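For reference, the structure I am asking about is given below.
Reckoned from all heavy atoms, side chains included, excluding hydrogens, waters and symmetry mates. Only a predicted model underlies this, so the values are computations on that prediction, with no experimental measurement involved.
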Amino acid sequence: MAGVSPDCSDDDTARASGRDARAADSPRLAEFNFSLFGPRSLGAVDDSTLTDVLDTGLRTSSEPARWTVSKGGTWCTVAPGSAVQRSQGWKLHISATLASAQDVLTRSLPVLLESESAFKFARTLDHVALLNDRHTSRGHSGKFLTIYPASDDEAVRLAAELHEATDGLAGPRVLSDRPYSPGSLVHYRYGAFIEQRRFSNDGFYAWVIEDPDGNPVEDRRAGKYSPPPWVSCPFPNAPDPALRQADSDKHAAQGGVLIGKRFLAREAIRHTNRGGVYRTTDTHTGNAVIVKEARPHVGADRTGRDERDRLRAEAHALELVAPLGLAPQVLALFEQSQHLFLAEELVPGVSLREWIPGQIRAGGWRRDIPQALTMTGRVAALLESAHDAGLILRDFNPSNIMVLPDGQLKLIDLELAVPTGEKDDAPLKVGTPGFSAPEQFHGESPNERADYFSLGATLCFLAFGNVPGMIEGDTGEPYPQHGLAEWLDVRWEPSGLPDDLRRLILELMHPDPRRRPEPARVDQVLATANGAAPRNARQARAGASEPRLDDQCWQHAVDGVVGHLLSSMTPDAQTLWPVSCAHGAPDPCSVQHGAAGVLGVLTRCLQFGASDDPRLGPAVTAAGDWIAQRLPADDQRPPGLYFGEAGIAWSLFEAGEQLGADRLRTEALKLAIDLPVSVTNPDITHGTAGIGLTLLHLWSLTGDDELLRKANRSADELVLSASEEADGVSWGTPAEHHSHLAGRRYYGFAHGTAGVGYFLLAAALATGREDLMALAVRTGDTLIGHAIVDRDVAQWGAGSDDAATAPHWCHGASGIGTFLARLFRVTGHERFGSYASMAARAVMEHSARAGLAQCHGLAGNGDFLLDMREATGAGIYDGMAHQVARLVHSCRTHHNSRVVFPDERGGLTSSWGDGMTGVLAFLLRLRYRTPRMWMADELLQPSRPT
């Protein structure tokens with residue numbers, strides 16, 4: 001029953017999931033996302049409260065001169081000159097809260113400064129808050145102070161003294177460690193002292209320790225204590241592992257875990273740093289029940305209020321609205337081992353956030369406007385009923401609204417709600433970015449008018465499955481009204497929605513709370529909208545008549561992004577540009593998340609004179625040299641195109657060609673020649689297809705027949721690994737391969753059949769092999785056979801038996817259409833052109849709700865529409881691409897007076913796959929009609945005029 005153990009149990013075997021799973025093994029606290037605390041600000045607040053404590057401690061210590069202090073970044077690191085440099089061993093962590101951190105450090109320093117062990121602590125109180133936030137990785141939660149003992153004996157001695165010194169102070173449980181004793185702030189685990197890392201097969205760093213034979217073993221930072229099997233615990237009173245296993249087996253034999261002596265948990269819906277949410281059975285009644293858990297001291301503010309207080313507030317709010325049936329009924333509120341649990345009735349149905357994409361997939365607003373408009377009235381009525389009951393919600397958003405099977409609505413997750421008479425006691429600066437009002441994050445007292453901002457954002461989400469990103473640019477104003485108006489306008493034109501609804505959303509989301517309308521105005525507009533016939537929508541597929549992205553807007557966007565990239569380049573750092581860490585710790589040199597992707601796009605800028613910034617040429621030179629010099633720092637880099645050496649070779653060669661730099665071309669060709677012809681994974685991003693495509697592209701530029709021979713062998717391997725089934729031909733990653741893709745067969749371009757098919761098509765044209773052409777055509781026919789067609793829209797699931805997914809490059813219609821368009825261009829077979837056209841319509845149907853990224857957003861979708869223009873010669877696709885460009889442009893913000901584009905988490909990252917470099921590549925192609933990046937389209941020759 002590892003998946004359902006409450007965090008208060010001795011056997012903390014709960015697994016991370018959701019947001020936590022994506023960051024569970026990230027080693028650097030600096031990689032965490034500060035936007036969890038509210039609207040993303042492009043500046044940061046610093047303080048010296050904790051480092052001042054250290055300075056005082058050093059001045060009063062017996063030997064202050066022997067300590068070296070580093071105060072940069074997230075951590076303040078303190079090391080004695082005599083410190084023993086062990087690579088791994090038993091380390092200590094001491095937790096703290098915002099309120100206790102100063103005292104914890106003050107009491108710990110006398111012990112630490114008399115030792116021979118290095119240590120570090122979170123440098124600012126903001127970092128302490130982030131460590132304890134409800135959304136922080138469970139593997140890193142609570143680790144305020146880390147000690148690297150000089151020996152195991154020293155670890156045991158320090159643990160005892162530090163436990164005594166900090167006894168009685170507050171701090172959360174460190175889930176990856178074992179507490180020194182019950183309730184202690186001191187925790188221990190076996191792990192790395194000096195970071196040693198290896199690349200995983202997926203192209204991300206995994207941090208490792210060595211087993212007794214010197215073999216690397218992953219040093220997992222997970223939300224449970226799991227020492228390596230070969231170590232012996234030196235600490236006293238450690239539980240017997242056999243007893244722990246017996247207890248776990250007992251839970252499993254009972255078919256679940258009993259919480260509060262009443263609720264039998266068999267499934268954890270999710271685990272976060274806050275605690276678990278469990279699907280349980282009430283043993284008194286047999287009914288299905290949801291039980292929520294809040295761990296002590298998680299999310300604690302400066303007054304000591306933590307997630308337990310928020311769970312109590314939720315129970316209070318639920319009881320307040322219980323007579324009206326607006327929310328689940330409270331069944332029990334109880335403590336167990338200082339953890340607080342709330343049991344409430346299970347509400348059937350799906351959240352409004354899940355309901356909306358289902359409507360959009362079926363045609364959405366354009367094909368079912370009456371049902372969606374009816375939902376707007378129900379959403380507004382739900383909010384007004386809560387206000388009538390005396391409750392200010394403060395977190396009214398689609399995730400917290402359940403759609404019941406009969407279409408009626410209920411509120412859930414009322415932890416931020418406050419009764420109108422208790423506003424003065426409510427915690428401030430809380431909410432959900434994008435949905436909570438700006439003044440709420442700025443600390444103003446709870447007010448019903450802030451909820452009406454949330455209503456406007458929820459109506460906006462109902463319309464488009466998306467809301468504007470809450471990014472504070474140079475003005476410090478997250479929602480300038482003209483920016484919201486533009487964001488709405490570019491989406492409203494093709495929607496067919498009533499104009500009165502647009503005006504209502506603008507009024508509700510006005511930055512001045514006094515300008516937001518009264519409930520009567522809301523009711524009037526929504527009643528009128530429900531009774532009105534849908535207006536004639538100007539379809540986004542109208543083509544050449546589409547409004548185009550203004551040349552001045554284009555230039556400002558390109559200049560802004562280029563200027564930002566050049567200014568944020570840090571040649572002396574471990575990463576050349578800031579990268580996204582949403583999925584782990586990426587390769588700083590790769591195409592998808594690292595410097596090679598940025599270099600490739602800047603090379604294009606230089607080639608076409610897109611920017612007159614004099615720093616551009618020197619920056620391309622410096623970036624190429626940085627990558628070439630950085631490569632030897634990591635061994636065993638994967639060979640793939642987007643996540644490995646193939647893509648790096650591609651980027652370096654093109655930069656060398658543009659600069660006339662033989663050293664870069666030579667390095668690139670050496671990398672390419674050394675590539676294996678195949679790997680276990682067959683796909684474009686990580687595997688054989690991407691390696692082969694790189695070899696073909698470099699052969700087309702150099703004429704080196706060795707590269708062509710190797711590409712031909714890559715094609716042979718894919719022919720051999722193809723799976724011929726009744727439903728067509730496909731490729732998959734074997735289940736035994738250590739990868740998050742293992743055991744699946746996907747349809748999409750990035751990880752599946754479409755990408756493999758594209759390489760086979762290119763290889764067939766390069767080599768003249770008819771068998772490869774025939775296999776590419778069969779691949780296209782397979783994908784057509786798996787299309788989910790709704791009138792003139794074609795979509796695909798991620799894989800077999802999956803529901804239709806969003807039409808993006810990685811999975812979905814955009815990437816599959818990318819292949820089908822080229823297959824049509826080469827073969828002239830109308831069926832491929834027809835399905836590519838239907839894929840383009842899917843892209844436009846979903847464009848209003850998409851993010852900005854190349855991998856899964858508007859930039860990649862816009863590139864596909866430009867592919868369609870090249871494949872068909874039809875101007876309609878120009879119009880569609882410009883509509884997408886206007887959507888992208890409407891999401892801009894400003895940083896240092898430059899136009900920039902945030903990623904989907906509200907940060908400014910430079911990555912190709914999910915950052916602004918991919919956006920820049922699409923804008924360049926929109927103007928200059930350049931070949932699509934990381935494609936070998938120079939090999940494609942149509943069989944007939946287009």
Less than 4.5 Å apart, any side-chain heavy atom of V899 and any of Q555? no
As a quick check of understanding, evaluate side-chain hydrogen bond (donor to acceptor under 3.5 Å, both in side chains) for R886 and H889, giving each step before the final call. CA-CA 5 Å; R886 293 175 65 223; H889 190 258; over 6 Å; no
With sequence neighbours left out, write down each residue that passes ring-ring contact (aromatic ring centres under 6.0 Å, His included) with W626, or none if nothing qualifies. none
Across all chains, not counting sequence neighbours, the ring-ring contact (aromatic ring centres under 6.0 Å, His included) partners of H808 are none
Distance flag, aromatic centroids of Y205 and F199, threshold under 6.0 Å: yes
For V843 and L865: C-alpha separation, side-chain torsions, deciding distance, then whether side-chain contact (heavy atoms from CB on, under 4.5 Å) applies. CA-CA 9 Å; V843 163; L865 295 171; 4.3 Å; yes
Hey, are the side chains of R615 and V562 touching, using non-hydrogen atoms and a 4.5 Å cut-off?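 Not in contact.
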Between atom CZ of F461 and atom CG of N397, what is the distance when rounded to the nearest 0.5 Å?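 So the gap between those two atoms works out to 9.0 Å.
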Using the side chain to side chain donor-acceptor pair (under 3.5 Å) criterion, which residues pair with Q854? Sequence neighbours excluded. D863
Nearest 0.5 Å please: distance from the NE2 atom of H751 over to the NE2 atom of H686.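 Atom-to-atom, H751:NE2 and H686:NE2 are 6.5 Å apart.
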List for me each residue that meets ring-ring contact (aromatic ring centres under 6.0 Å, His included) alongside F922, sequence neighbours excluded, and say none if there are none. none
Non-hydrogen side-chain atoms of L858 and S847 separated by less than 4.5 Å: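 Heavy-atom side-chain distance check passes, below 4.5 Å.
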Evaluation steps, side-chain contact (heavy atoms from CB on, under 4.5 Å), between L908 and D903: CA-CA 6 Å; L908 296 184; D903 62 25; over 6 Å; no
Gap separating the CH2 atom of W355 from the CG atom of L462, nearest 0.5 angstrom: 6.5 Å
Can a side-chain donor-acceptor contact be found between D202 and S739 if the only test is distance below 3.5 angstrom? yes
I'd like to know whether the aromatic ring centres of Y642 and W912 sit less than 6.0 Å apart in this structure. no
Salt bridge check: are E486 and R892 linked by an N-O gap of less than 4.0 Å? yes
Between the side chains of S567 and R898, is a donor N or O closer than 3.5 angstrom to an acceptor N or O? yes
Determine whether a donor-acceptor pair (N or O, by modelled atom type, separation under 3.5 Å) exists between the side chain of S651 and the backbone of G647.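 The answer is no, because no donor-acceptor pair under 3.5 Å joins these two groups.
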So V888 and F901, do their side chains get closer than 4.5 Å, heavy atoms only?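 The answer is yes; the side chains approach within 4.5 Å.
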CH2-OG distance between W809 and S814, expressed to the nearest 0.5 angstrom: 9.5 Å
Within the side chain of D802, is there an N or O that forms a donor-acceptor pair under 3.5 Å with the backbone of G799? yes
Assert yes or no for the condition that the ring centre distance of H593 to F204 is strictly below 6.0 Å. yes
If we count only N and O atoms by modelled type, under 3.5 Å, do the side chains of R925 and T930 hold a donor and an acceptor together?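 No, T930 and R925 have no side-chain donor paired with an acceptor closer than 3.5 Å.
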Which is it for L866 and Y877 under the side-chain contact (heavy atoms from CB on, under 4.5 Å) test, yes or no, and what are the steps along the way? CA-CA 7 Å; L866 293 174; Y877 297 110; over 6 Å; no
4.5 Å side-chain heavy-atom contact, R927 and D551: yes
Assess, by modelled atom type and distance only, whether the side chains of N273 and T136 contain a donor and an acceptor separated by less than 3.5 Å.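 There is no such pair between these side chains.
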Euclidean distance, D634 CG relative to R197 CZ, rounded to 0.5 Å: 5.5 Å
Heavy atoms only: give me the nearest M569-A622 pair and the separation to one decimal. CE-CB, 3.6 Å
Distance from W207 atom CH2 to R221 atom CZ, nearest 0.5 Å? 7.0 Å
Measure from the side-chain N and O atoms of R394 to the backbone N and O of L416, and report whether any donor-acceptor pair falls under 3.5 Å. yes
If I compare all heavy atoms of S436 with all of G431, which pair ends up nearest, and what's the gap? OG-CA, 3.3 Å
Please name all residues satisfying side chain to side chain donor-acceptor pair (under 3.5 Å) with Q607, sequence neighbours left out, ordered by chain then number. none
With heavy-atom distances below 4.5 Å as the criterion, would you say the side chains of S910 and P578 are in contact?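 Answer yes - side chains close enough.
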Please check: side-chain N/O of R548 versus main-chain N/O of H882, any donor-acceptor pairing under 3.5 Å? no
Whether the side chain of S911 engages the backbone of D914 through a donor-acceptor N/O pair (distance < 3.5 Å, no angle test) should be reported.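 The answer is no, because no donor-acceptor pair under 3.5 Å joins these two groups.
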Taking the side chain as every heavy atom from C-beta outward, state whether F441 and V430 have any pair of such atoms under 4.5 Å apart. no
Using a 4.5 Å cut-off on heavy atoms from C-beta on, say whether the side chain of W796 contacts that of T805. no
If I compare all heavy atoms of L599 with all of V620, which pair ends up nearest, and what's the gap?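 In this case the closest contact between L599 and V620 is CD1-O, 3.6 Å.
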Centroid separation H811 to Y747 less than 6.0 Å: no
For the residue pair V591 and I648, what are the closest heavy atoms and their distance? CG2-N, 4.4 Å
D683 side chain to T685 side chain, donor-acceptor N/O pair below 3.5 angstrom: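 Judged by distance alone, the side chains do pair up.
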Worked check of side-chain contact (heavy atoms from CB on, under 4.5 Å) between W554 and V558: CA-CA 6 Å; W554 181 92; V558 169; 3.6 Å; yes
Should the ring pair F749 and Y758 be called parallel, tilted or perpendicular, given that the plane angle runs from 0 to 90° and is split at 30 and 60?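 Ring orientation, 0 to 90° scale: tilted.
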For the backbone of D613 and the side chain of S611, can you confirm whether one donor and one acceptor N or O come within less than 3.5 Å of each other? yes
I'd like to know if the side chain of N861 and the backbone of A859 have a donor-acceptor N/O pair within less than 3.5 Å.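 It does not hold such a pair.
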Closest heavy-atom pair and its distance - L920, C605: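 Residues L920 and C605, closest heavy atoms: CD2-SG, 3.9 Å.
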Does the structure place the NZ or CZ of R491 under 6.0 Å from the centre of the six-membered ring of W487, at an angle of no more than 45° from the ring's axis? yes
Closest approach of L565 and W577, non-hydrogen atoms and distance?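 Shortest heavy-atom contact: O-NE1, 2.7 Å.
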Side chain of T570, backbone of A573: donor and acceptor closer than 3.5 Å?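 Checked: no pair found.
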Would you kindly say whether T818 and R932 are connected by a side-chain donor-acceptor distance under 3.5 Å?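 Present: a donor and an acceptor within the cut-off.
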Taking only residues two or more places apart in sequence or in another chain, which ones pass ring-ring contact (aromatic ring centres under 6.0 Å, His included) with H564? H895
